[in-house]
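Computation of the quantities below employed the complete heavy-atom set of this structure, encompassing side-chain atoms and omitting hydrogens, waters and symmetry-equivalent molecules. Letters A, B, ... mirror the listed sequences (proteins, then strands); counts begin at 1.
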Amino acid sequence: MSADTPTGWSRDEMAKRLAQDIPDGSYVNLGIGIPELVAKYVPEGRELVYHTENGLLGMGPSPAEGEGDPELINAGKRHVTANPGASFFHHADSFAMIRGGHIDLCVLGALQVACNGDLANWSTGTADAIPAVGGAMDLVAGVRSIYVITQHCTKTGEPKLVEKCTYPLTGLGVVTRIYSELAVIDVTAQGFRLVELAPGVSFDDVQQRTGAPLLPKQ
Amino acid sequence: MSADTPTGWSRDEMAKRLAQDIPDGSYVNLGIGIPELVAKYVPEGRELVYHTENGLLGMGPSPAEGEGDPELINAGKRHVTANPGASFFHHADSFAMIRGGHIDLCVLGALQVACNGDLANWSTGTADAIPAVGGAMDLVAGVRSIYVITQHCTKTGEPKLVEKCTYPLTGLGVVTRIYSELAVIDVTAQGFRLVELAPGVSFDDVQQRTGAPLLPKQ
Amino acid sequence: MINKQVASVAEALADVRDGATIMIGGFGEAGSPIELIHALIDQGARDLVVVSNNAGSGEVGLAALIKTGRVAKVVCSYPRTANSTVFPELYHAGKLELELVPQGTLAERIRAGGAGIPAFYTPSAVGTPLAEGKETRTFDGREYLMELGLKADFALIKGRAADTHGNVLYNKTARNFGPIMAMAAKTAVVQVEKVVAAGELDPETIVTPGVFVQRVVEVAHPAHESELVAQGAVYP
Amino acid sequence: MINKQVASVAEALADVRDGATIMIGGFGEAGSPIELIHALIDQGARDLVVVSNNAGSGEVGLAALIKTGRVAKVVCSYPRTANSTVFPELYHAGKLELELVPQGTLAERIRAGGAGIPAFYTPSAVGTPLAEGKETRTFDGREYLMELGLKADFALIKGRAADTHGNVLYNKTARNFGPIMAMAAKTAVVQVEKVVAAGELDPETIVTPGVFVQRVVEVAHPAHESELVAQGAVYP
């Protein structure tokens, strides 16, 4: 891998880039971590409704410091607010929304994404880890589109976009699009296909850091 | 069958007799017809909560003539009221109460009850009848105790308490007790067993009009 | 911006296609969305499959829709009602298919359809004629039937109030099938007496969250079936 | 007459037996019935199976219960939480069995248990390690897992208000597992800030109807787990 790692987009720029692709009026579930940043960048003139699987539609931004309500939290257990038009509901109803295909888009982080859309994002499979899955398997099985937002490689430089996941799977063939600091990439029937390069990043930069063939932009 | 048919209890007396057997605090679903009369006779000092499967717990008596609300009705589609402590809910929740064993008692009418507790109460099986079942099969499958309140025989004098039902079944082995104008009868592992005779009615009167052996009172 | 309100019942149902499956809320007249049903009659789609607890009475609302001959099949628990003549006539003439489903199984199948559950097991109807042809299975020594989730292209629902995000409140026992049919339909259309701005309904009391509702339409003074039938009304 | 209010959390849980299955509401600290959990610790029942979304944090509430060693098994979707040390220790020491269930499957299994549904099919977890040993079946060309309903002897739930009939209202996202756990438990015990007379709650807005609730107990000023953990509190 090249020593001159291109910088590409910052995390906030990745989130902003992803937000451009969410149609007005969508119901969106944001995973924990980088996905949460997406909510900051809804393009002017669009209205999105955020679903948090612990039981709120119409999730609003974080409250001011010290004004959080311990009983108004999101799936990441952070304090949030409720927007006008919000509703509260129990867990079976919340996952009926997810499993029943009522949520348009879910944005998740990833440990690995395979070129057939398989996702691994809940466990590294090491023996001493406490297994914990939360709602990830329900989200990928039920939400209409799954976008992954992630650093292109692990901290040690291993590609996260791979031929085949080696970590325990979250779901089979579920990811439709990936946003990394280097590029936007679609998961197609033919495998990974470039959609857009970050500024200053070349196709070869991305291919070098991707563990499966990358098809050129169409 | 004897020409001197004993009168026994009136419909209201049957309902009143049945009401004596409902413990304080029970959740009760009343079928259409004679079962509805039971609500008039709750013994002093007891409080029952009536469930109507179209979506109300805490059903109260009929409103005054002309004061009915077409959107506040019972399963028989009659106008009702809501008692203090009532709640409204949707059909899936209502039948979760039924199927999940949360309702203590259901009082139903019958076409036939077999000595093993089989119930037929939804169809005479004639070819020209419009089949219609409503919630009867869910009630008998889910409610903890099923009491039948019925005339002992059909209008043409045929026993309704039989060895084996000939009409299409509502449920298998579901009836626990029967209240007729002649007697209170338990359905036991050994078959029908007399619990109580109506005034002026003899054991033989009841046995003559019952299509299966009647065991004496224990 | 999100605004699910449409201007009229006609607009709300303009895209119903022949052969569509339509869930129609209501238990008897309580919750029956008469104005939406009449709009569906006007709209003219044919070969419809209707999923509804009853089959209407008189010659208005659901009964009037059936009378048009545009309903090929009814999935229902209790098609026999006082003042119901339309259904029996067409049924006996063999012009209407009936799938009779116990009421609780019907409700659960609709909820399952909306919740992404393709099938479940229920004790209701075991050993009865309605179990014929159905798969059975024993759990913990008791026998159950397997039943399939039900989905629809459209749901026609009557609520009391809604906001522009599609959050819905109902009125008393008119709630009945509304919330679960909204879940099970691709396009849930709700008629309400009043549509308010998002934020005017208390988020703690919303019965149907807006994600389950695609269109809301104001019908300020909805008709009641029993009154229309008593008046001898006939639609159209 | 009906009055489900009991005088204390101790009285509410006096009859919990060794080996009981206990559902405990809450998602993280929101909806965690800390006072009821502490009463269960005081009560002393052992070999418990706990069904809960998380496994607690710090050394209060659910984490404190687990620390007593009286929990034999946890059925849960996410036992890994910030400030969670009790669960990992016992789990790694082999003193605690874990059944890991996807969150939506856990919710649906609990609802099914309460609704008399012994089993259902779900697409969640198909093809993953959590599908191992589970029966699969194809409907309409898609593969699903069969999952079983879950019931419990007791449910410990936190609400906002209740009436003497056991009707319950919740607070915001603290609602989470409360309504479905009340359905699935033989004895559902709900702690609320205020118990009112039957008739004081609007029947249209009740979230858990009283039929699902056996006992309510007033805890006027419930503690919040995060505050206790920040204070370094340890129970008992």
State, to 0.1 Å, how close [X] and [Y] come at their nearest heavy-atom pair, and which atoms those are.
X: A/G134; Y: D/Y78; value: N-CD1, 3.4 Å
X: D/Q103; Y: A/G135; value: OE1-N, 3.1 Å
X: A/D138; Y: D/S124; value: OD1-OG, 2.8 Å
X: D/F27; Y: A/N74; value: CE2-O, 3.7 Å
X: A/N54; Y: D/T173; value: ND2-CB, 3.8 Å
X: D/P102; Y: A/M137; value: CG-SD, 3.9 Å

Name the region of [X], side chain, backbone, both or neither, that has any atom closer than 4.5 Å to a heavy atom of chain D.
X: A/S123; value: neither
X: A/I73; value: both
X: A/F88; value: both

Inset, instruction - For each of A/T52, A/L56, A/V133, tally heavy-atom pairs with chain D at distances under 4.5 Å, and name the one with the top tally. - result: A/V133
Inset, instruction - Report the option among A/G55, A/A92, A/A82 that has the most heavy-atom pairs separated by less than 4.5 Å from atoms of chain D. - result: A/A92
Residue, of [options], that accumulates the most heavy atom pairs under 4.5 Å with chain A:
options: D/V126, D/I180, D/V101; result: D/I180
options: D/K158, D/R142, D/H224; result: D/H224
options: D/N176, D/N53, D/L106; result: D/N176
options: D/G127, D/A30, D/S77, D/A125; result: D/S77
options: D/R111, D/K172, D/E29, D/E225; result: D/K172

Inset, instruction - Side-chain contact test, heavy atoms from C-beta onward, threshold under 4.5 Å: evaluate it for A/I130 versus D/H92 and give yes or no. - result: yes
Inset, instruction - Indicate yes or no: at least one non-hydrogen side-chain atom of A/H91 is less than 4.5 angstrom from one of D/I110. - result: no
Checking heavy atoms, do the side chain of [X], its backbone, both or neither come under 4.5 Å from chain A?
X: D/V207; answer: neither
X: D/F177; answer: both
X: D/R109; answer: neither
X: D/R80; answer: both

Legend entry - Worked verdict on A/W122 versus D/L130 for side-chain contact (heavy atoms from CB on, under 4.5 Å): CA-CA 11 Å; A/W122 68 284; D/L130 297 191; 4.2 Å; yes
Inset, instruction - Measure the spacing between OG of D/S226 and NE2 of A/H79 and express it to the nearest 0.5 Å. - result: 6.0 Å
Are there over 12 heavy-atom neighbours, none belonging to [X], within less than 6.0 Å of that residue's [atom1]?
X: D/K134; atom1: NZ; result: yes
X: D/K67; atom1: NZ; result: no
X: A/R78; atom1: CZ; result: no

Legend entry - Side-chain donor or acceptor of A/R99 paired with backbone N/O of D/G104 under 3.5 Å: yes
Legend entry - Pair D/R160 + A/E71, salt bridge at N-O below 4.0 Å: no
